Structures are given as C-alpha cells and as structure tokens.
Amino acid sequence: MIEYTDEQAAADVIAAMDSVAIVTAVRAIAESDRTDEEKDSLFRNEGHLVIKMAKAKFVAALSSSQKNTIDAFSL
C-alpha cells in the first residue's frame with residue numbers, strides 16, 4: 001500500500017477547501033430549487049470530504065477552523 005504523505009495531505013487540504021466552498025454554496029440553495037447538476041456536485045463534494053476526513057494525516061493537516069467548518073457539515 002502506498003503511504004499517504006504529509007505533502008499529499010497538505011495538497012489535499014487545498015482541494016478540500018474547494019469542496020467546502022461548493023458544499024457551502026449548494027447548501028445555501030433551497031433543496032427544491034437545486035438543479036440536477038447542483039445535486040450531483042453536492043453529492044460528489046460531500047463524498048470527497050467524507051473520504052478525506054477518514055485519513056488521520058489529512059485531518060492533522062487541517063487548521064482548527066478548516067476542521068470545524070467541515071465538521072459543521074455533519075457528514
């Protein structure tokens with residue numbers, strides 16, 4: 001198995017913040033008003049965050065503010 005490095009975790013934090021922005025934006029839209037594309041995007045980006053939050057090294061690379069923001073999604 002390939003080791004998940006600190007460098008990969010740091011790069012993943014940047015990508016995860018893009019997912020956070022998308023989740024925040026789509027969740028701000030009433031569910032009944034979301035397009036299929038927005039629903040798909042929300043599903044993919046929430047899934048991305050769930051996968052990353054399962055990696056201890058990724059979580060350790062987050063700032064407390066970033067972690068709190070992701071935790072607030074209750075994924």
Side-chain angles (χ1 to χ4, degrees):
M1 180 174 210
I2 298 172
E3 180 185 353
Y4 187 64
T5 67
D6 292 336
E7 293 78 18
Q8 288 168 315
D12 284 346
V13 168
I14 295 167
M17 291 306 102
D18 290 339
S19 288
V20 166
I22 291 167
V23 169
T24 301
V26 175
R27 283 189 173 191
I29 301 167
E31 284 187 48
S32 60
D33 293 336
R34 293 177 191 163
T35 65
D36 287 341
E37 184 177 326
E38 289 166 334
K39 291 173 191 174
D40 290 345
S41 181
L42 181 62
F43 178 79
R44 282 190 313 275
N45 284 281
E46 285 180 338
H48 175 238
L49 293 171
V50 167
I51 290 167
K52 293 304 175 189
M53 291 300 284
K55 297 178 183 249
K57 200 168 276 201
F58 172 81
V59 174
L62 293 170
S63 70
S64 60
S65 175
Q66 291 167 325
K67 183 179 181 308
N68 290 340
T69 298
I70 295 171
D71 285 345
F73 292 146
S74 299
L75 301 174

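As the structure is a prediction and not an experimental result, all values here were calculated from the model.
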Distance (rounded to the nearest 0.5 Å) between S19 OG and I14 CD1: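 One finds 12.5 Å between OG of S19 and CD1 of I14.
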E31 side, atom CD; D33 side, atom CG - distance, nearest 0.5 Å: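 Those atoms lie 10.5 Å apart.
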Test item: N68 side-chain N/O and S64 main-chain N/O as donor-acceptor pair under 3.5 Å: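 A pair under 3.5 Å: yes.
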Close side-chain approach of K52 and H48, heavy atoms under 4.5 Å: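 Answer yes - side chains close enough.
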Closest non-hydrogen atom pair between A9 and K57, with its separation: CB-O, 3.8 Å
Pair R27 + E46: basic N to acidic O under 4.0 Å: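 Salt bridge: yes.
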Connected hydrophobic set around L62, excluding itself, where side chains approach under 4.5 Å: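 Hydrophobic cluster check, L62: joined to Y4, V13, M17, V20, I22, V23, V26, L42, L49, V50, M53, F58, V59, I70, F73, L75.
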Evaluation steps, side-chain hydrogen bond (donor to acceptor under 3.5 Å, both in side chains), between S41 and E38: CA-CA 5 Å; S41 181; E38 289 166 334; over 6 Å; no
Chi angles and distances behind the side-chain hydrogen bond (donor to acceptor under 3.5 Å, both in side chains) call for S63, Q66: CA-CA 5 Å; S63 70; Q66 291 167 325; 3.3 Å; yes
